[in-house]
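For reference, the structure discussed in these notes is given below.
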Amino acid sequence: MKVGTKVKVNPHHLYPTQFCLGYKEITYKEKNILKMNKNRYEEYLKEKITPAVIGPYGKIYIIDHHHHARSLINLHKTEILIEVI
């Protein structure tokens, strides 16, 4: 993928660069996501574009929005919007 590419991917396929997360923040994000209707959720994904880099073997490493990504994983969501930087 080229720099600037924006694409939806499954958050389960992402690799973190930050390993310690605050679960209070994750729980807060999960509660807010659960309150969203479909249209608001789509807007939210666009607002929270997750910056990522492509590593060895094409693996996608996120460099920010780790709490956002983890909350989507916990809620069994299948899409997150990333931008390759």
Would Val7 and Leu72 show up in the same hydrophobic cluster when neighbours are defined by side-chain heavy atoms closer than 4.5 Å?
-> yes
Nonpolar side-chain network containing Ile73, other nodes, edges under 4.5 Å = none
Would you say the side-chain atoms of His67 pair up with the backbone N or O of Gly22, donor to acceptor, closer than 3.5 Å?
-> yes
CD1 of Ile33 to CG of Leu75: how many Å apart, nearest 0.5 Å?
-> 5.5 Å
Can you name the side chain to side chain contact (heavy atoms under 4.5 Å, CB included) partners of Asn37, sequence neighbours left out?
-> Asn39, Arg40
Decide whether Tyr41 and Ile82 are clustered together by the hydrophobic rule: side chain heavy atoms of Ile, Leu, Val, Met, Phe, Trp, Tyr closer than 4.5 Å, transitively.
-> yes
Once you round to the nearest 0.5 Å, how far does NZ of Lys46 lie from CG of Leu81?
-> 8.5 Å
Are Met36 and Leu34 joined in one hydrophobic group, where the rule is that I, L, V, M, F, W and Y side chains link up if heavy atoms are under 4.5 Å apart?
-> yes
Within residues 71-85 or reaching into it, pairs that qualify as salt bridge (charged side-chain N to carboxylate O under 4.0 Å, His left out) - sequence neighbours excluded | Lys8-Glu79
What salt bridge (charged side-chain N to carboxylate O under 4.0 Å, His left out) pairs are there with at least one residue in residues 14-34, not counting sequence neighbours?
-> Glu25-Lys29
Can you name the closest pair of heavy atoms from Val84 and Lys2 and give their distance?
-> CB-O, 3.6 Å
Hphob cluster co-occupancy, Leu45 + Ile85, side-chain heavy atoms under 4.5 angstrom = no
Which donor-acceptor pairs under 3.5 Å do the side chains of residues 48-61 make with protein atoms, sequence neighbours left out?
| unit_1 | atom_1 | unit_2 | atom_2 | d |
| --- | --- | --- | --- | --- |
| Lys48 | NZ | His65 | ND1 | 3.4 |
| Thr50 | OG1 | Lys48 | O | 3.3 |

For the student: nearest non-hydrogen atoms of Ala69 and Pro11, plus distance | O-CB, 4.3 Å
Expected output: side-chain Gln18 to main-chain Cys20 donor-acceptor under 3.5 Å | yes
Residues that His68 engages under ring-ring contact (aromatic ring centres under 6.0 Å, His included), provided they are two or more places apart = Tyr44
Taken to the nearest 0.5 Å, the spacing of Arg70 CZ from Tyr23 OH works out to 4.5 Å
